[in-house]
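Notes to accompany the following structure.
Throughout, residue positions are numbered sequentially from 1 according to the sequence presented. Each ligand, and each atom within it, is numbered from 1 in the order the structure gives.
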Amino acid sequence: MPLDARIYVAGHRGLVGSAIVRALKHRGYRNILTRTRQELDLTDRRAVDAFFAAQRPEYIYVAAARVGGIWANNTYPVDFLQTNLEIELNVIRAAHDHQVKKLLFLGSSCIYPRVAPQPIKEEYLLTGLLEPTNQPYAIAKIAGIELVNAYRRQYGDRFISAMPTNLYGPGDNFDLETSHVLAALLRKTHEAKVSGSPAVEVWGTGEPRREFLHVDDLAEACLFLMDRYDDAIPINVGVGEDVSIRELAELIGRVVGYQGDLAFDATKPDGMPRKLLDVSRIHRLGWRARIPLEEGIRHTYQWFLANATARPGPSA
Ligand SMILES: NC(=O)C1=CN([C@@H]2O[C@H](COP(=O)(O)OP(=O)(O)OC[C@H]3O[C@@H](n4cnc5c(N)ncnc54)[C@H](OP(=O)(O)O)[C@@H]3O)[C@@H](O)[C@H]2O)C=CC1
Ligand SMILES: C[C@H]1O[C@H](OP(=O)(O)OP(=O)(O)OC[C@H]2O[C@@H](n3cnc4c(=O)[nH]c(N)nc43)[C@H](O)[C@@H]2O)[C@@H](O)[C@@H](O)C1=O
């Protein structure tokens, strides 16, 4: 992308969108378009069309979505299915109608079958049943991938999809109901340390395994893919290593300096037993994650301490 290209980052106040904007600015891009949800509701087709007609973006990162952890996904299935379908339809259709040069759509590793062989290769998509706690969200994301590929096939549009693994970092959502596990445990562990609580509550059995990618690494991958990738296969973006939720909770305890115990609440769902992406495709292209998990958690904890109240959770 030339440095004066008009680049629209949809969802620029979120975890991913804010990291993409940071990375673009760091590289010297000077024509970055952003709109908050209040300024442009992406579920409003007419408003989206008017925005594209007026602003004529040339490149788009689609990082706007209804996003949340296992509890939010399980509790608001309509929002996770309907809002995400609407955003995808409106943004991808407008990108085609207004001749956008390239679009990157962000999916998620939850699109893959619940019991896929590990590590999960891109070609396992649509080979088995989905995890019930996030099936509506996963189906919306699969529809987004399909729409991207339909535009590629029918019109030759240079639209691509990337599938990140579980993310964390500065700008994450620390709301205990709607957040993902890493942000939730960081906050709970910090609060337990401050209040002198004897244990931190950890949902589920602690046995599921997850892979965690720092959002600044993801942002670098998104810029890399925008320049280097042009294929219908939705490409995995991860670190290639995972930890159990128990190991994650213990690591967070060390980073925060908390001496208490872990109390597992097995009435809460575990979700997918394991979600480790096969990242050999993106490695072959020449990109790999750089930020080790412990360093990334330390960095995120510093951000949390400085900004903990800066961001409310997504509204229901
Ligand atoms: N977080 C994770 O662990 C993972 C995320 N992803 C994907 O990355 C993408 C970004 O996720 P993440 O940054 O974590 O999510 P966040 O919740 O942090 O950010 C989502 C952004 O979307 C915007 N948004 C939501 N609804 C609308 C709407 N109706 N109109 C306009 N803007 C809207 C929000 O805008 P506003 O701030 O103005 O409300 C917000 O900036 C998503 O596609 C997600 O599926 C994939 C894998 C893992
Ligand atoms: C990114 C991804 O995110 C979601 O999938 P998930 O990986 O299951 O999400 P999660 O981060 O919320 O949980 C991971 C594991 O951690 C356990 N866990 C322990 N204690 C807490 C806790 O306090 N909060 C949360 N949220 N989880 C906890 C929790 O029980 C589970 O076993 C999907 O919505 C999906 O849509 C998606 O794309």
Side-chain angles (χ1 to χ4, degrees), residues 9-20 34-44 47-48 51 61-74 79-80 83-84 86-88 90-91 105-112 130-131 133-138 140-141 144 161-169 171-173 175-189 200-213 215 218-219 222 237-238 244-246 248-249 252 262-266 268-275 277 311-315:
V9 180
H12 73 286
R13 291 198 303 184
L15 172 67
V16 172
S18 59
I20 292 175
T34 57
R35 292 290 184 277
T36 65
R37 188 188 326 197
Q38 286 71 33
E39 292 163 343
L40 175 62
D41 182 348
L42 295 172
T43 65
D44 179 341
V48 172
F51 169 76
Y61 294 91
V62 189
R66 179 65 195 263
V67 178
I70 194 166
W71 185 89
N73 265 270
N74 214 12
D79 300 297
F80 279 81
T83 306
N84 286 320
E86 287 173 345
I87 292 173
E88 292 160 9
N90 292 341
V91 175
F105 170 69
L106 285 162
S108 165
S109 57
C110 71
I111 59 161
Y112 291 114
L130 297 165
E131 157 62 32
T133 55
N134 58 36
Q135 180 163 304
Y137 175 75
K141 289 292 181 184
S161 300
M163 297 306 113
T165 193
N166 288 44
L167 304 170
Y168 71 99
D172 209 344
N173 168 21
D175 176 272
L176 291 183
E177 284 194 340
T178 57
S179 59
H180 293 95
V181 60
L182 196 149
L185 291 183
L186 203 48
R187 174 171 168 184
K188 286 187 198 177
T189 307
V200 169
E201 182 202 67
V202 182
W203 295 354
T205 60
E207 287 168 19
R209 298 185 70 82
R210 294 289 183 273
E211 177 187 16
F212 295 98
L213 177 68
V215 74
L218 175 71
C222 289
V237 188
S244 71
I245 298 301
R246 176 190 288 276
L248 175 74
I252 289 175
L262 301 176
F264 291 95
D265 177 0
K268 296 283 198 311
D270 270 345
M272 271 170 89
R274 194 175 184 201
K275 245 193 304 187
L277 293 179
R311 176 188 161 160
S315 54

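Of all the heavy atoms of His180, the ones lying under 4.0 Å from any atom of ligand 1 belong exclusively to the side chain. Looking at Lys141 against ligand 1, only its side chain comes within 4.0 Å, counting heavy atoms. Heavy atoms of Ala72 found under 4.0 angstrom from ligand 2: none, in either backbone or side chain. When heavy-atom distances to ligand 1 are checked against a 4.0 Å cut-off, Asn173 has no atom that comes that close, whether in backbone or side chain. The proximity of Val67 to ligand 1, defined as any non-hydrogen pair under 4.0 Å, is limited to the side chain. Using a 4.0 Å cut-off between heavy atoms, Val215 makes no contact with ligand 1 at all.
With hydrogens left out, the protein atom closest to atom 23 (O) of ligand 2 is Lys188 NZ, 2.7 Å, a heavy atom. The shortest contact between atom 20 (N) of ligand 2 and any protein heavy atom is with Trp203 N, 2.9 Å. For atom 5 (O) of ligand 2, the closest non-hydrogen atom on the protein side is Lys275 NZ, 3.5 Å. The nearest protein atom to atom 3 (O) of ligand 2, hydrogens excluded, is given as His180 CD2, 3.1 Å; this is a heavy-atom distance. For atom 35 (C) of ligand 2, the closest non-hydrogen atom on the protein side is Asn134 ND2, 3.3 Å.
Using a 4.5 Å heavy-atom threshold, the side chains of Asn73 and Thr133 count as separate. Residues Tyr168 and Asn166 form no side-chain contact, since every pair of their non-hydrogen atoms from C-beta on lies 4.5 Å or further apart. In this structure, Arg187 and Leu176 have side chains that are in contact, with non-hydrogen atoms separated by less than 4.5 Å. A heavy-atom distance below 4.5 Å is not found between the side chains of Ser179 and Asp172.
Taking only non-hydrogen atoms, the option from Tyr137, Phe212, Tyr168 nearest to atom 44 (C) of ligand 1 is Tyr137. One option in Asn73, Val181, Leu182, Thr133 has a heavy atom closer to atom 18 (N) of ligand 2 than any other, and that option is Val181. The nearest non-hydrogen atom to atom 26 (N) of ligand 2, considering only Pro208, Gly69, Ser179, comes from Ser179. The nearest non-hydrogen atom to atom 36 (P) of ligand 1, considering only Arg13, Arg35, Arg66, Glu39, comes from Arg13.
Using a 4.0 Å cut-off to heavy atoms of Ala184, the atoms of ligand 2 that qualify are 22 (C), 23 (O), 24 (N). Heavy-atom contacts of Val202 reach the following atoms of ligand 2: 19 (C), 20 (N) (cutoff under 4.0 Å). Numbered from 1 in the order shown, with element, the atoms of ligand 2 that lie under 4.0 Å from a heavy atom of Gly68 read 34 (O). Within the listing of ligand 1, atoms 47 (C), 48 (C) sit less than 4.0 angstrom from a heavy atom of Thr165. Below 4.0 Å from some heavy atom of Asp270 lie the following atoms of ligand 2, by number and element: 31 (C), 32 (O). Interface of Ile70 with ligand 2, defined as ligand atoms under 4.0 Å from a residue heavy atom, comprises 8 (O), 9 (O), 10 (P), 12 (O), 34 (O). Interface of Ile245 with ligand 2, defined as ligand atoms under 4.0 Å from a residue heavy atom, comprises 15 (C), 16 (O), 19 (C). Here is the list of ligand 2 atoms found below 4.0 Å of a heavy atom in Ser108: 37 (C), 38 (O). Listed by number with element, the atoms of ligand 1 under 4.0 angstrom from any heavy atom of Thr43 are 29 (N). Short contacts between ligand 2 and Asn166, defined as distances under 4.0 Å to a heavy atom of the residue, involve ligand atoms 1 (C), 7 (O), 11 (O). Every atom of ligand 1 with a heavy atom of Leu167 under 4.0 Å away is listed here by number and element: 2 (C), 3 (O), 4 (C), 5 (C), 48 (C). Proximity to Leu40 (heavy-atom distance under 4.0 Å) selects the following atoms of ligand 1: 30 (N), 31 (C). Those atoms of ligand 1 with a heavy atom of Leu42 less than 4.0 angstrom away are 28 (C), 29 (N), 30 (N), 31 (C), 32 (N).
For ligand 2, the polar-atom distance check against Tyr137 finds no nitrogen or oxygen pair separated by under 3.5 Å. Close N/O approach between Gly271 and ligand 2 is not found [any backbone or side-chain N/O within under 3.5 Å]. An N or O contact shorter than 3.5 Å links Pro269 to ligand 2 by distance. An N or O contact shorter than 3.5 Å is missing between Glu201 and ligand 2 by distance.
The ring pair (Phe, Tyr, Trp, His ring centres under 6.0 Å) check on Tyr112 picks up nothing, with sequence neighbours excluded. The side chain to side chain donor-acceptor pair (under 3.5 Å) search around Lys141 returns none, not counting sequence neighbours.
Remark: of the listed residues Val202, Leu185, Thr189, Val202 is the sole one forming a side chain to side chain contact (heavy atoms under 4.5 Å, CB included) with Leu262.
Closest heavy-atom contact between Asn74 and Pro269: ND2-CG, 4.4 Å. For the residue pair Val215 and Leu15, the shortest heavy atom distance occurs at CG2-O, 3.4 Å.
In this structure, Gly107 has a heavy atom closer than 4.0 Å to ligand 1.
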